[in-house]
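To start, the structure itself, in structure tokens.
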Amino acid sequence: GGVLFLDQRARATLIDTVIAETTAVIGEDIDSMTGGGPPEELYGGVLFTEGNSALTLLNTTITATYADAHYLRGGVIYTLGGCTLTDSTVTNSFSRDLGGFGQKGSVLNLNGRTVLTGTTITNSYILGHSQSSTQGGVLSSSGHATLVNCFINDTIISGSRTISGACLHVSNGLMELFGTTVSHCLSWGIVQRTIGGAVHIAGAGSLVMGNGTHLDSNNGFGSAVYNVGSASYVLPTPPGRWVTASRCYVYRKHKSCDRQDVKCKTTKDRCEDIIDVQESEKLNCEPVLFAQPCDWSTNPQLLGSIVNPLPHGNVEGDFPPRCAVGVLGSSDVAFQASASCAGRTPAGTFQPVDAGMLSLPCVPGHFCPEGATSPVSCFAGTFTRETNLKSAEDCTTTDVGFYATPGSSEQAACAAGTVAPSKGKGFCDLCPAGRFQEVPGATACE
């Protein structure tokens with residue numbers, strides 16, 4: 001705790017505070033050390049809290065921090081007790097691994113009950129060491145951490161042998177991300193392997209995301225998530241995005257109820273939301289099956305929600321994914337549980353962007369079939385002044401003496417010396433040698 005150390009049961013509140021230009025350096029580069037000796041350890045380059053203590057930061061800014069150590073845990077904040085950050089900012093932090101023993105939570109290392117609300121962590125630079133690993137370039141949690149409406153972005157991490165979670169790492173315990181953006185967490189330069197660009201969940205860790213949280217523009221193997229623990233996304237997604245989701249309930253052995261047996265059906269429905277063994281025995285619920293639609297055993301708060309359980313392994317790209325072009329996105333949960341989103345754009349309109357929520361009217365000279373990503377030109381010999389055409393058959397055929405190139409909104413008269421003897425011409429015919437036509441819009445040569 002280079003600036004503040006909270007002992008057991010201590011309480012501290014910082015309001016409208018700025019902490020700037022701090023330096024915490026312990027030890028020397030391991031490659032230049034002489035005489036051996038134990039590694040130098042750094043816990044909380046700026047703030048440190050013991051167990052049963054409580055730290056509250058309100059509208060506080062921590063900026064321009066520098067931390068160096070062999071064994072670094074929380075270059076800015078390390079907590080064993082409770083910690084609350086509200087409407088605060090941590091920016092321009094630099095941490096460096098002096099060699100061999102790694103970093104865990106290079107900016108924040110959270111081990112107690114932590115709540116971050118409306119907080120931004122940005123412009124973090126983490127320099128690792130080729131002999132060691134980094135777990136959680138920005139934040140590592142082994143307690144219970146909840147982030148609400150937070151922004152974590154613009155993180156650069158390099159030099160480590162391996163990186164587990166370029167931004168976030170859940171070693172054990174529970175991390176919750178609600179309405180939170182994690183973006184542009186990038187491993188760069190000499191890094192042998194990055195596992196989990198935005199988030200890495202270890203075997204004992206659990207992650208619950210929801211209420212519009214999104215992970216965008218991160219890199220690494222599992223650029224969004226690498227999961228070997230438990231990870232779930234609870235609807236709603238951000239508008240215009242989707243996940244494969246269904247209601248979370250307790251799968252039990254099938255129980256048949258007569259159509260008129262209301263009590264049986266009511267009990268069956270209640271058993272779907274009960275995980276307490278004694279209560280389920282009182283209701284005579286059927287046995288719980290091995291396969292379950294969600295991880296309610298780890299996170300019982302998921303019961304009754306619309307949930308996407310993430311598989312073990314890597315989740316690539318931006319997450320949740322955006323509804324595709326030609327498909328309508330929505331802010332309605334009912335249209336966020338599959339790639340179909342709110343359905344294909346209606347015929348006569350088009351939708352040209354990912355996560356688009358509005359279809360645009362088709363333009364003159366074109367038609368738009370259902371699911372169109374862009375207007376389709378009326379064919380040669382046809383045209384239209386109208387919008388919202390649904391098919392090629394809706395385009396108007398040119399009259400004799402006129403022509404229309406593909407995508408025309410008007411038919412044009414044939415020039416002198418050319419003719420259109422029939423309807424539906426995409427070009428006019430030249431008068432042959434020995435014949436002529438002086439009048440535009442003619443149907444035959446003289």
Side-chain angles (χ1 to χ4, degrees), residues 153 179 181-184 186 197-198 209-219 222-225 233 235-246 306 308 310-311 314-398 403-412 424-427:
N153 54 23
T181 300
V182 181
S183 67
H184 296 92
L186 305 174
M209 299 178 284
N211 199 28
T213 288
H214 56 104
L215 318 174
D216 289 346
S217 302
N218 305 291
N219 70 359
S223 58
V225 176
Y233 195 101
L235 295 186
T237 69
R241 301 201 188 199
W242 66 277
V243 291
T244 302
S246 59
I306 309 300
N308 167 226
L310 275 67
N314 55 306
V315 177
E316 302 292 351
D318 292 349
F319 184 83
R322 295 170 177 83
C323 296
V325 294
V327 173
L328 290 174
S330 177
S331 57
D332 188 338
V333 170
F335 301 114
Q336 295 181 343
S338 77
S340 299
C341 298
R344 301 170 74 184
T345 52
T349 67
F350 69 103
Q351 201 289 96
V353 297
D354 290 333
M357 298 174 61
L358 296 174
S359 56
L360 304 175
C362 213
V363 298
H366 298 74
F367 64 94
C368 296
E370 183 183 30
T373 61
S374 61
V376 182
S377 297
C378 287
F379 301 146
T382 65
F383 69 99
T384 181
R385 305 179 185 90
E386 306 297 327
T387 60
N388 299 324
L389 266 61
K390 300 178 180 180
S391 68
E393 287 74 22
D394 295 334
C395 298
T396 303
T397 302
T398 58
Y403 75 100
T405 56
S408 295
S409 58
E410 300 284 350
Q411 62 178 353
K425 296 287 286 183
F427 57 90

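- Put simply, the side chain of Val243 reaches to within 4.5 Å of the side chain of Thr237, judged on heavy atoms.
- Cys395 pairs in a side-chain contact (heavy atoms from CB on, under 4.5 Å) with only one of the listed residues (Phe379, Phe383, Phe367), which is Phe367.
- Within the 4.5 Å cutoff, the side chain of Asn211 has heavy atoms near those of the Pro236 side chain.
- Considering only residues two or more places apart in sequence or on other chains, Ser409 meets the side chain to side chain contact (heavy atoms under 4.5 Å, CB included) condition with Pro364.
- The CG atom of Asp394 sits 10.5 Å away from the CD atom of Glu386 when rounded to the nearest 0.5 Å.
- Partners of Pro239 under the side chain to side chain contact (heavy atoms under 4.5 Å, CB included) rule, at least two apart in sequence or in another chain, are Ser331, Met357.
- Without hydrogens or angle criteria, Thr387 side chain to Val363 main chain gives no donor-acceptor distance under 3.5 Å.
- Between the side chains of Ser391 and Glu393, at least one donor N or O lies within less than 3.5 Å of an accepting N or O.
- Put simply, OG1 on Thr405 and CD on Gln411 are 12.0 Å apart, with the number rounded to the nearest 0.5 Å.
- The OG atom of Ser246 sits 9.5 Å away from the CG atom of Leu235 when rounded to the nearest 0.5 Å.
- Closest heavy-atom contact between Ile306 and Ala245: CG2-CB, 3.7 Å.
- Closest approach of Thr349 to Ala372, counting heavy atoms only: O-CB, 3.7 Å.
- Remark: Glu316 pairs with Phe221, Ser223, Asn314 by the side chain to side chain contact (heavy atoms under 4.5 Å, CB included) rule, at least two apart or across chains.
- At distances below 3.5 Å, at least one donor-acceptor pair connects side-chain atoms of Thr398 with backbone N or O atoms of Lys425.
- Among residues two or more places apart in sequence or in another chain, the ring-ring contact (aromatic ring centres under 6.0 Å, His included) test is passed with Tyr233 by Phe319.
- Here Phe350 pairs with nothing under the ring-ring contact (aromatic ring centres under 6.0 Å, His included) rule; sequence neighbours left out.
- Gln336 places none of its side-chain heavy atoms less than 4.5 Å from the side chain of Arg241.
- Contact record, Cys368 with Pro375: SG-CA, 3.7 Å, taken as the closest heavy-atom pair.
- Rounded to the nearest 0.5 Å, atoms CG (Asn218) and OG (Ser183) are 6.5 Å apart.
- Looking only at distances, a side-chain donor or acceptor of Gln351 sits under 3.5 Å from a matching main-chain atom of Val353.
- For the atom pair CG of Leu186 and CG of Asn153, the computed distance is 10.5 Å after rounding to the nearest 0.5 Å.
- Closest approach of Gly426 to Ala380, counting heavy atoms only: CA-CB, 3.9 Å.
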Name the atoms and distances for all side-chain donor-acceptor pairs under 3.5 Å in residues 320-329, with sequence neighbours left out.
| residue | atom | partner | partner atom | Å |
| --- | --- | --- | --- | --- |
| Arg322 | NH1 | Asp318 | OD2 | 2.7 |
| Arg322 | NH2 | Asp216 | OD2 | 3.4 |

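- Contact detail for Ser359 and Pro346: the closest heavy-atom pair is OG-CD, 4.2 Å.
- With values rounded to the nearest 0.5 angstrom, Trp242 atom CH2 is found 9.0 Å from Ser340 atom OG.
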